[in-house]
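Okay, structure first, notes after.
Proteins get letters first, then strands, A, B, ... in listed order; numbering begins at 1 in each.
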Amino acid sequence: MSILKIEDLTLIFGKEKEEALSLLKKGSTKAEILKETGCTVAVKNAAFEIEKGEFFVIMGLSGSGKSSLLRCLNRLIEPTSGNVILNEVNITSLGDKELQDVRRKEMAMVFQKFGLLPHRTVLENVAFGLELQDIPEKEREEKAKKVIELVSLQGYENQPTAALSGGMQQRVGLARALANEPEILLMDEAFSALDPLIRTQMQDELIDLQKTMHKTIVFITHDLDEAIRLGDRIAIMKDGEIIQIGTPEEILTNPATDYVSSFVEKVDRKSIITAASLMFEKPTVAIFRKDGVEGTLRKMRSSGLTALPAVSTDKEFLGFVYLKDILEIKAKGHHTIEAAIISDIPVAYPETTVETMLPFIAENGRAVPIIDKDTRKLLGIVAQTSLLIETTGASWENITGNSIDNLQNEIL
Amino acid sequence: MIHIGPYIEQFINWLTLHFAGLFDAIKIVVESIVNGVEWVFMFPPFYVIILLIAFLAWKRTGLGVTILTLLGLTLIWAMGYWAQTMATLALILSSAFIALLLGIPVGIWAAKNPMAKKIIRPILDFMQTMPAFVYLIPAVLFFGLGKVPGAFATIIFAMPPAVRLTTLGISQVPEDIVEATRSFGATSRQLLFKVELPLALPTILAGVNQTIMMALSMVVISAMIAAGGLGEVVLKGITQLKIGIGFEGGISVVILAIILDRITQSFGSKKVKISD
Ligand SMILES: Nc1ncnc2c1ncn2[C@@H]1O[C@H](COP(=O)(O)OP(=O)(O)OP(=O)(O)O)[C@@H](O)[C@H]1O
Ligand SMILES: [Mg+2]
């Protein structure tokens, strides 16, 4: 069930919003509208749904409208048209009081510049959201202390926030948001102001927290690597428009536009691409008890392969058979292939990443079998070539037989 | 030739005629505040007051200001101007208090409402550039002679910095902090009292200091409408060409000014660091 639904949301900055809106409906571009009305179209017809417990990342370059879109969700900025629906309640039509309630209880925000109160201590900052709800001091401090532990800020409770490092300040920011126990966390480039090292650390901690909290998180970033690390799904924005929404893998393997491809090129794909998207689903297999030695040899001959996965009649993966072994047992007079099956073969699952499959690359060019974790059935195979292409990012055309050998040597 | 004078005159006359009751009420309130404060200063023996002020100076500032306070106030007493000084102090502090009471809310309003800011700005400019003597005329028409019209003129003259610096302080609160506060569901009241005013405090206190100093600069002028105090001493020196008396009165004003300035400044300088 989707917790948050954004319907045809448009945000226009400037005086002549109505005119800009009607121009937008007629199909004018952002640049044309700016020229004609002086209005900036910050968000254009955004529509998507976010699932409960999902980590949803909105990614785009500076000025693409990410912050504006995020602020429309809790109406820090009023959308010009469209709806934001939270748990079936239309946020866009709420009165001041109800909106305050939504902000207090259901959506909390973490900011790039932290937005902490410099005249207050860490504890007072973390308890701030609760204070706004008029929760008695004792109770809110108790709650705040729990959250402070969650973000590893123990011992800093009585420090003034201005004295803390950026990473620490953002922990306070995160704790302040969590203290309200919101359903939804809105995070606007929450880690962008931090050093790369601290940033990675905070990302890891957020991932860990999310494993236990299961919040719905809407996270803004301009960094695709961050988006991929954190996001269950990513929405890519350009000039106020969402041009693609998908899982990190979908976006990497199937970029919707050249713009997305140009982003995706720079990404380290090995840790994202999984076996599922590289898998060849109908490989030639030797079926034990059905294909005898002769049948297997025939399959090898017609497919030109010297190694085949062996499966049982109900497709359970048994191992690999190699041409030389088959020939050997044939000479010994065997009829079934049982004696030739090598079962000591590393397997992968659909969700296994390329990175973890790399060590499976073997000298003899055997493909990596992909099996179902529970039933052990063979789902498909990933050819070594696919793995190599994914790791090097090279395209089919610039890989010659020769260079594959070189690559293979490098990797091994 | 155009004369706007007659219209202003008519307006003031109309005010005095129709709002006599209001002016009387204001007069009673202001008079009791000024007299009350003066009584507080005059009731204890002079050395108690000196020691109290010196103690405050010691707490808030350094040794220098403390010594200056002790010596300066003792000198004033020795010259025989203790009563006048306390009368002046009472007039200044009450006027400044009322100016702040009116000015700070107006400053908040201007910070919150761009339209209000547009209207208030030129009024403040007008109030500050108008020669202070001019305020004496309506003051006398509304309230006659004495301390109340003196306080009235002083309040008008001293209010602009309170308004301006409050507005400045609040508009200087970083936008991201205001945004964060709103994002947690703060009402405008909570935003003002829990965030904006505390963060604007150093600037507002600078406004308090300026207001008090402006009020002090009205001492001699308000003495012209019989507000009394040290101003009267100085005025006597001028009108009767008694250099000695004029000088003694002047020195007393300066001593008072330095003490008030240093002590009130010390409250403003306790700067809160604002993260950027
Ligand atoms: N208050 C405003 N008034 C007018 N235009 C604005 C305002 N805020 C943002 N814009 C414009 O709206 C567009 C989107 O801005 P927004 O801040 O949402 O982008 P962003 O993707 O968050 O960028 P960044 O990565 O720099 O934070 C930009 O063209 C910006 O200039
Ligand atoms: Mg932004």
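- Ion pairing of Asp188(A) with Lys113(A) is absent here, as no side-chain N (NZ or NE/NH1/NH2) approaches a carboxylate O to less than 4.0 Å.
- Between Glu142(A) and Lys145(A) there is no salt bridge, since no side-chain nitrogen of the basic residue lies less than 4.0 Å from a carboxylate oxygen of the acidic one.
- In terms of non-hydrogen atom pairs under 4.5 Å with chain B, the most contact-rich of Val110(A), Leu132(A), Leu186(A) is Leu132(A).
- Most heavy-atom pairs under 4.5 Å with chain B, from the set Gln133(A), Arg176(A), Glu131(A): that is Arg176(A).
- With Arg140(A) contributing its side chain and Ile135(A) its backbone, the two residues share a donor-acceptor pair below 3.5 Å.
- For a residue to count as touching a neighbouring chain, one of its non-hydrogen atoms must lie under 4.5 Å from one of that chain's; by this rule Asp134(A) touches chain B with the side chain only.
- Contact annotation for Arg71(A): only side-chain heavy atoms (C-beta onward) come within less than 4.5 Å of a heavy atom of chain B.
- Ring planes of Phe56(A) and Phe48(A): parallel class, angle under 30° (limits at 30 and 60°).
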